[in-house]
Amino acid sequence: MTAPRTAAFITDAPRVAGSEVWLLDVLPLLPAHGWQPTVFLPHRDTLDELARRFGAAGVPVERFDAPATLPDRTRAFDLRVLQAWEPATYRQLLPRLFSPRLAVLHDQLEYHYPAPVRLLYREIYRRTKARPLRAADRLVTVSRWGGAFLRGPLGLPQVGEVTNGADPTRFRPAHPGEREALRTEYGFTRFTVLIPGRFAPEKNQLTALLAARHAPDLDFVFVGDQDAGLGAAAHRLQRLLRLGNVRFLGRRWDMPELYRAADVLLQPTLAENQSLVTLEAMSSALPIVTTPIPAQAELVKDGLTGLLVPAQPRLLATALQALAAHPERARQLGLNARQFVLDHHTIHHTAALVAAVLHGTLPERRSRA
């Protein structure tokens with residue numbers, strides 16, 4: 001029997017976000033495809049629960065304080081996979097990691113702000129993060145749109161695509177009676193709009209708050225890390241506008257249950273690569289209301305698996321109220337969304353694609369030797 005290949009997955013994450021959830025979902029499935037992963041996480045208390053969950057899933061975890069130690073610590077692995085938040089991590093580590101070395105990009109890449117800000121961000125990204133990525137033997141991103149963007153406007157070679165997926169057994173519709181019990185547990189009594197995501201300008205939660213002002217007959221539940229900046233501003237705006245139909249739940253690990261209890265997912269996002277939140281909600285048969293940016297339009301087919309609505313509070317509120325008024329339409333959108341995930345975007349699809357990329361990276365490197 002052939003021994004599995006070994007891969008070191010390295011992240012500099014300061015906290016848990018979508019890219020870390022991606023690792024937690026994908027890595028436990030790789031042994032079935034001939035790979036034994038080990039994840040390298042910084043020593044941060046914000047990552048302790050993540051480390052515990054990796055261990056429970058059978059994925060070895062190594063913690064580090066100094067990134068400079070990682071080239072030697074990962075030398076014995078067959079492959080090194082780096083996904084970084086900070087450009088400095090790519091600059092410092094990619095040239096020093098032993099080949100073959102693969103970089104996985106979950107970055108949102110393009111911010112759909114007004115043109116001057118959008119173009120400025122693109123140029124900053126090109127100069128800070130895109131340049132050091134050229135030291136990787138191969139690049140992978142998580143959407144077809146993202147791959148085209150990296151190869152096109154950013155001019156990066158060797159970019160592959162590994163589309164995201166959700167676990168359809170974990171993210172599923174509620175069983176009979178389960179939804180009512182969950183709604184009682186969470187205190188959901190009216191048509192409930194779920195808005196997941198860390199509080200950041202591109203996630204656009206302030207627009208969701210203003211949409212709540214235009215839809216006082218609906219309840220809006222925000223889930224995600226709330227930093228001292230934008231999170232505090234959202235709380236202040238809620239108090240200023242006296243929005244009694246808004247709740248903040250903070251960071252949660254019970255997202256599958258929240259999806260099953262809610263009535264609709266709202267994402268007024270201005271930047272995505274391929275949103276795990278969107279796929280998780282779709283897999284849960286939850287209808288989606290989101291913005292028509294390219295990455296979202298790749299997943300949400302307007303009028304079929306959800307609604308694509310410009311990020312304007314009144315328009316978002318109107319779309320949400322229309323779904324509340326027509327529950328059968330909302331239900332059908334959710335069922336269509338789940339079928340789309342089952343056909344194209346399960347976590348098993350993703351794991352198979354990741355394994356193929358890992359296997360494919362080794363021969364490419366050896367052929368140049």
Side-chain angles (χ1 to χ4, degrees), residues 11-15 17-19 82-95 103-136 139-159 161 164 195 197-211 224-234 236-237 266-278 290-300 308-313 315-316:
T11 177
D12 63 354
R15 61 182 181 276
S19 54
L82 178 61
Q83 58 178 53
W85 287 43
E86 299 298 331
T89 303
Y90 287 125
R91 286 198 304 270
Q92 294 167 10
L93 281 184
L94 272 179
V104 179
L105 296 177
H106 299 266
D107 298 342
Q108 294 162 110
L109 300 176
E110 179 88 315
Y111 282 50
H112 296 270
Y113 296 146
V117 178
R118 181 178 179 179
L119 295 174
L120 175 62
Y121 176 83
R122 183 185 295 187
E123 190 58 28
I124 291 172
Y125 189 92
R126 186 196 311 276
R127 293 175 180 272
T128 60
K129 209 165 189 179
R131 280 182 178 174
L133 286 170
R134 295 178 182 275
L139 303 175
V140 173
T141 193
V142 293
S143 71
R144 290 180 290 276
W145 165 81
F149 183 82
L150 289 166
R151 291 188 296 268
L154 293 186
L156 289 170
Q158 297 277 39
V159 181
E161 298 154 10
N164 279 340
I195 309 102
R198 61 185 175 85
F199 277 71
E202 69 275 12
K203 298 302 182 184
N204 207 18
Q205 283 98 342
L206 297 185
T207 291
L209 270 174
L210 294 175
D225 287 331
Q226 301 170 29
D227 61 26
L230 194 59
R236 286 196 298 271
L237 184 59
L266 172 61
Q267 273 186 296
T269 178
L270 299 175
E272 297 291 340
N273 193 333
Q274 193 163 87
S275 168
L276 285 176
V277 162
T278 302
T290 189
T291 49
I293 63 174
Q296 291 299 84
E298 191 171 296
L299 298 178
V300 178
L308 296 175
V309 181
Q312 299 175 27
L315 294 178
L316 292 170

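- With sequence neighbours excluded, no residue forms a ring-ring contact (aromatic ring centres under 6.0 Å, His included) with Trp85.
- Every side-chain hydrogen bond (donor to acceptor under 3.5 Å, both in side chains) that Asn164 has, sequence neighbours left out, goes to Trp22.
- Residues passing the salt bridge (charged side-chain N to carboxylate O under 4.0 Å, His left out) test with Glu202 are Arg198, sequence neighbours excluded.
- No donor-acceptor pair under 3.5 Å is formed between the side chain of Gln83 and the backbone N or O of His106.
- Qualifying side chain to side chain contact (heavy atoms under 4.5 Å, CB included) partners for Ala311, counting only residues two or more places apart in sequence or in other chains: Asn204, Leu270, Thr291.
- You'll find the side chain of Leu230 reaches within 4.5 Å of the side chain of Leu206, heavy atoms only.
- The closest side-chain donor-acceptor pair between Gln296 and Thr278 falls under 3.5 angstrom.
- The distance from the OG1 atom of Thr207 to the CD atom of Gln312 is 9.0 Å, given to the nearest 0.5 Å.
- The nearest pair of heavy atoms linking Ala211 to Leu316 is CB-CB, 4.2 Å.
- Listed by chain and number, the residues in a side chain to side chain contact (heavy atoms under 4.5 Å, CB included) with Pro116 are Pro114 (sequence neighbours excluded).
- Taking both residues in full, the closest heavy atoms of Pro132 and Pro87 are given as CG-O, 4.3 Å, listed atom of the first, atom of the second, then distance.
- The ring-ring contact (aromatic ring centres under 6.0 Å, His included) check on Tyr125 picks up nothing, with sequence neighbours excluded.
- Considering every non-hydrogen atom in both Leu308 and Val300, the closest pair reads CD1-O, 3.6 Å.
- Side-chain atoms of Glu298 never come within 3.5 Å of backbone atoms of Ser143 as a donor-acceptor pair (strictly under, hydrogens ignored).
- Heavy atoms only, all atoms of each residue included: Leu154 and Arg134 are closest at O-NH2, 3.8 Å.
- Taking the salt bridge (charged side-chain N to carboxylate O under 4.0 Å, His left out) definition, one finds that Arg151 meets it with Glu161, sequence neighbours left out.
- By the salt bridge (charged side-chain N to carboxylate O under 4.0 Å, His left out) test, Asp12 is found to be paired with no residue, residues two or more places apart in sequence or in another chain being considered.
- Considering only residues two or more places apart in sequence or on other chains, Glu123 meets the side-chain hydrogen bond (donor to acceptor under 3.5 Å, both in side chains) condition with Arg126, Arg127.
- Judged by distance alone, the side chain of Gln205 and the main-chain N or O of Ala234 form no donor-acceptor pair under 3.5 Å.
- Legend: residues meeting side chain to side chain contact (heavy atoms under 4.5 Å, CB included) with Ala103, ordered by chain and number and at least two apart, are Tyr90, Leu133, Ala136, Leu139.
- Ala208 and Leu266 get closest at one heavy-atom pair: CB-CD2, 3.9 Å.
- With sequence neighbours excluded, the residues forming a salt bridge (charged side-chain N to carboxylate O under 4.0 Å, His left out) with Arg118 are Glu110, listed by chain and number.
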Test log, rule side-chain contact (heavy atoms from CB on, under 4.5 Å), inputs Thr290 and Val309: CA-CA 6 Å; Thr290 189; Val309 181; over 6 Å; no
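- In this structure Val140 satisfies the side chain to side chain contact (heavy atoms under 4.5 Å, CB included) test together with Leu102, Val162, Val357, sequence neighbours excluded.
- When all heavy atoms of Ala271 and Gln108 are compared, the closest pair comes out as O-OE1, 2.8 Å.
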